[in-house]
Amino acid sequence: MDFQIVWDSAPLTPVIRKGDLYSTVCLFSPMECCYGVDYSRSCAFSIITTNILSCLVLACSTPLLQVSYEASSPMLSLKRAHPSFLRTIPSDRLQAEALMNLLKFFQWTWVVAVGSDNTYGRQGLQTLRELAIKEGICFAYHGIISMETSNPDLRVNVKELRVFNAKVAIVFANKRSARVFFQEVVWQNVTGKVWLGTEDWSLSQELWEIQGIRGIGTVIGVTIMHAPLPRLWEFEAASRRSESHGIEAKCSQSCSETCSQLCSQLHARNLQYLLNPSPYDTQGCFNVYSAVYAVAHSLHHLLDCQTGVCRKDTVYPWQLLKEIKKANFSVKGRQIYFDSNGDPLTGYDLVLWKWAGQNWSYDAIGSFSTNPPDLTIHKGKLQWHTSDNQVPVSICSKDCGVGEHKVQQGIHQCCFDCVACSPGTFLNRSDRYTCQRCQKDQWAPARSETCFPRATVFLDWGDRIAQVLLTATTLLLLLLAGTLAVFVRKVHTPVVRSAGGWLCFVMLSALACANVSMYCNFGPPSRYTCMLRLPMYTVSFNVCLACMAARSFQILLIFKMASKAPGLYEAWKNHHGCGIFIGVCTGLQVIMSLIFLCINPSFPNKNYDVADQMILLECKNHSNVTAVIGMVYNALLAIFCFVISYMGKDLPNSYNEAKCTTFSLVIYFVSLISYATIFSIYRGKYVPAIYVAFLLLTLYGVFGGYFIPKMYIILFRSELNTHEHFQISIQSYTKKKNVSD
């Protein structure tokens, strides 16, 4: 390979004098035509393409290196299929990402998309659909633009814009297809929409010259990032002016006067276009410029020309390919380098069409850059077609309110109804379609977006209600102790003996033991307090009821059944009937309690069903049979005691325990029924307090009904606590009974 590179006055501007490097290096190959690349963009690079590229573009049938300025197909980024392909124009996938970021920025989720009937448009639509699914954006309609103006599919595409209530439309098409499409849009008078365009037509003169297009709405386009090349346009202008003089001379020599005028007018219009190129042409020129400089810089390094004299004379194509992939230099303030796919790490400008009368212009309103992707919008430059210049809204359904989840309607996730989250569930912002359940120890009201910790509730020692109950419990315990002391001191008096003698001490001890079990209901439940408090209370209260029943039966037996059934009275007296009866009744309760403690013990439990906002700490059995059986057994014993007491209602006043016992048991029944009723209709934080209050009321009722009258006589009516008074009472009862008989 024999060639020579000579450098002109401009730095890094190589001019190839001779050689055959062009046979293996191709900047722009015929492959681009296979991907539908439109070469109509005219760029004023005649001087470069004449002096440098003319030799490189020749004979590119099997190129080993390709650097393209306009082939934007995403397929060319696949290095397995195109290992030697690089480009200075961004991939269409990046363009689709820019459009998708624009939709996200303005919160447009309900859009229409159409594409040209070629690889450019179809691949663009496919990429948009893939990105839209990830971003939660829905296409109300997407279609392909037919190039035939009379084709009914084209009219259908435009009509669909009216049918669907989408205010934003993406036109991913080349300028030829876009022109046909917008001509139909103008003809069908589709207005009041936002049109998002791709770089191939956003600044194309062919479109903004369409008559009536200014009324279609707001047009925002994606364009190649602008880079000024002022010296190039000056050179082109000088070149075209020189060429124009020769054309005018030929027109005068070869045409008639009329023909010469027409020829000159036509040439003048073309010259004006060349001297004032359209924005569409100017935007792409820098890509060509960058491609040439990329090859130039790579050759510069390969030929070791840093000192101004090239030291090497042999360069292989694979070396140039490897070198150009590592290129990293600055041109006109723009950094040029390629990623691993051979794509430039650049971005796009975002432009907004402007109209001043019939004159068209545009404003750069932002940019989209890659690595990392970043969208910048200058809101102050935005001018919308709406009357109040507000951002148009393009959604299928209005966003749901606080704590409302979306219920999808139809096939589009953007179309939905809003349903409030029920209590106990919350709406996670990461999933707007499902109300998630709160954790077991949390709660949430309706329409909630978060869960709150449940309050842990138990009968705390420091709670005001608990302090009242503790005071009542301690007071009762002191009263029982005081009564027991008085009864011990007055044990031989008739009142104590008539109340049962030693049975009084058993009853008072049982009531005190039951009262002590109340303390197990305060504070957080533990394993031992749960196992102890219910059996301790039921057994103790059972002892008290058994004593009352035994004493009532004994008095009834003495006064009413001794003469009629002397054997029964003797057997009761001689065989310690009271002790046996109390022992049997209490023994059954103890056996049941022990069985249930072994089989079905009570344990601390968190009750989540009391209320949504709280967790009730309580003692619970695996089943409620234990508590029910114990309460039922005591209730039956109380009924038996009540019946026996009522049968002795006409006994001597001094020995008549019917009133006291009946009153005590009535209080017990009332408190039992009240608790069962309240428990069935109320399951709140005060359930433990109600339970303790029920037990205390029962104990107070038994103590007050049975022992307070006796304490009153002992302390305040000592004249009634004599043997004479009791004898008079018995004689009065005997006379009354004889009279009645």
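What you see below is based on every heavy atom in this structure, not just the backbone, and it leaves out hydrogens, waters and symmetry mates.
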Problem set entry | Where Ser146 and Val180 come nearest, the two heavy atoms and their spacing | O-CG1, 3.8 Å

Exercise. Which heavy atom of Phe181 sits nearest a heavy atom of Val158, and at what distance?
Worked result: CE1-CG2, 3.9 Å

For this session: Tell me, with the steps shown, if Thr109 and Leu103 meet side-chain contact (heavy atoms from CB on, under 4.5 Å).
Result: CA-CA 7 Å; Thr109 59; Leu103 295 177; over 6 Å; no

Exercise. Does Glu130 pair with Arg93 as a salt bridge, N-O distance under 4.0 Å?
Worked result: yes

Exercise. Given side chains that start at C-beta, do those of Leu321 and Leu86 come closer than 4.5 Å, heavy atoms only?
Worked result: yes

Exercise. So, do Trp201 and Phe182 have ring centers that fall under 6.0 Å from each other?
Worked result: yes

Exercise. Do Leu102 and Leu196 come within less than 4.5 Å of each other through their side chains, counting heavy atoms only?
Worked result: yes

Exercise. If you take all heavy atoms of Ser298 and Ala294, which pair is closest and at what distance?
Worked result: OG-O, 2.8 Å

Problem set entry | Distance in Å, Arg432 CZ paired with Phe416 CZ, rounded so as to fall on 0.5 Å steps | 9.5 Å

For this session: Flag the pair Val194 / Phe106 as yes when at least one side-chain heavy-atom distance between them is below 4.5 Å, and no otherwise.
Result: no

Exercise. Does the Thr88 side chain pair with the main chain of Asn287, one donor and one acceptor, at a distance under 3.5 Å?
Worked result: yes

Exercise. Out of Lys325, Lys79, Arg87, which one pairs with Asp343 under the salt bridge (Lys or Arg N to Asp or Glu O under 4.0 Å) rule?
Worked result: Arg87

For this session: Would you confirm whether Asn389, through its side chain, and Trp384, through its main-chain N or O, come within 3.5 Å as a donor-acceptor pair?
Result: yes

Exercise. Is a donor on one side and an acceptor on the other found under 3.5 Å between the side chain of Ser448 and the backbone of Ala444?
Worked result: no

Exercise. Under a 4.0 Å N-O cut-off, is there an ion pair linking Glu184 with Arg155?
Worked result: no

Problem set entry | Separation between NE2 of His82 and OG of Ser68, rounded to the nearest 0.5 Å | 11.5 Å

Exercise. For Ser177, does its backbone N or O pair with a side-chain atom of Asn174 as donor and acceptor, under 3.5 Å?
Worked result: yes

For this session: Could you note down all residue pairs passing salt bridge (Lys or Arg N to Asp or Glu O under 4.0 Å) where residues 356-367 supplies at least one of them, sequence neighbours left out?
Result: Lys354-Asp363

Exercise. For the residue pair Trp360 and Tyr362, does the interplanar ring angle fall in the parallel (under 30°), tilted (30 to 60°) or perpendicular (over 60°) class?
Worked result: tilted

For this session: Take Thr218 and Lys193 through the side-chain contact (heavy atoms from CB on, under 4.5 Å) test and state the conclusion after the steps.
Result: CA-CA 6 Å; Thr218 303; Lys193 296 189 181 297; over 6 Å; no

Seminar exercise, completed: Separation between CD (Gln211) and CD (Gln183), nearest 0.5 Å, reads 11.0 Å

Problem set entry | Cys414 and Cys396 SG atoms under 2.5 angstrom apart | no

Exercise. Salt-bridged, Lys134 to Glu97, with N to O below 4.0 Å?
Worked result: no

For this session: Using a 4.5 Å cut-off on heavy atoms from C-beta on, say whether the side chain of Phe85 contacts that of Val67.
Result: no

Exercise. Under the 3.5 angstrom rule, does the side chain of Ser369 hit a backbone N or O of Gly347 as a donor-acceptor pair?
Worked result: no

Exercise. With a 2.5 Å cut-off on the SG atoms, do Cys421 and Cys435 make it?
Worked result: yes

Problem set entry | Side chain to side chain, Phe368 and Ile377, heavy atoms closer than 4.5 Å | no

Exercise. Where do Leu161 and Ala169 come nearest, in terms of heavy atoms and distance?
Worked result: CD2-CB, 4.3 Å

Problem set entry | Within 6.0 angstrom of Gln107 CD, more than 12 heavy atoms from elsewhere | no

Problem set entry | Beyond-backbone contact of Ile170 with Leu99, side-chain heavy atoms, under 4.5 angstrom | yes

Problem set entry | Check against side-chain contact (heavy atoms from CB on, under 4.5 Å), Ile144 and Arg122 | CA-CA 8 Å; Ile144 299 298; Arg122 293 182 181 276; 3.8 Å; yes

Exercise. So which heavy atom on Leu128 is nearest to which on Met100, and how close?
Worked result: O-CE, 3.5 Å

Seminar exercise, completed: Closest non-hydrogen atoms of Pro344 and Phe338, given as atom of the first, atom of the second and distance, are N-CD2, 4.3 Å

For this session: Not counting sequence neighbours, list each pair that qualifies as a ring-ring contact (aromatic ring centres under 6.0 Å, His included) and has a residue in residues 155-175.
Result: Tyr120-Phe172

For this session: Measure the spacing between CG of Leu350 and OG1 of Thr376 and express it to the nearest 0.5 Å.
Result: 8.5 Å

Exercise. Sub-3.5 Å donor-acceptor pair from the side chain of Trp353 to the main-chain atoms of Gly217, do we have one?
Worked result: no

Problem set entry | Those residues that, when tested against Asn341, pass side-chain hydrogen bond (donor to acceptor under 3.5 Å, both in side chains) (two or more places apart) | none

Problem set entry | Check against side-chain hydrogen bond (donor to acceptor under 3.5 Å, both in side chains), Gln436 and Asp431 | CA-CA 9 Å; Gln436 302 181 14; Asp431 182 8; 4.6 Å; no

For this session: Taking Gln95 for its side chain and Glu199 for its backbone only, find out whether a donor-acceptor pair lies under 3.5 Å.
Result: yes

For this session: Look up atom OG in Ser204 and atom CD in Glu209, then write down how far apart they are to the nearest 0.5 Å.
Result: 8.5 Å

For this session: Nearest 0.5 Å please: distance from the CG atom of Asp200 over to the OG1 atom of Thr223.
Result: 12.0 Å

Exercise. So, Ser73 side chain and Met75 main chain: donor-acceptor pair closer than 3.5 Å or not?
Worked result: yes

Exercise. Are Ile89 and Ile224 close enough, and set up right, to give a side-chain contact (heavy atoms from CB on, under 4.5 Å), and what steps lead you there?
Worked result: CA-CA 8 Å; Ile89 185 173; Ile224 297 170; 3.9 Å; yes

Exercise. Run the side-chain hydrogen bond (donor to acceptor under 3.5 Å, both in side chains) check on Asp92 and Ser72 step by step: do they pass?
Worked result: CA-CA 5 Å; Asp92 287 336; Ser72 57; 2.8 Å; yes

For this session: Please answer whether the main-chain N or O of Lys167 pairs with a side-chain N or O of Ser394 as donor and acceptor at a distance below 3.5 Å.
Result: yes

For this session: Answer yes or no: is there a donor N or O on one side and an acceptor on the other, between the side chain of Asp117 and the main chain of Ile145, under 3.5 Å?
Result: no

Problem set entry | Validation row: Ile210, Arg179 side chains within 4.5 angstrom (heavy atoms) | yes

Exercise. So do the side chains of Thr346 and Thr370 get within less than 4.5 Å of each other, counting heavy atoms only?
Worked result: no

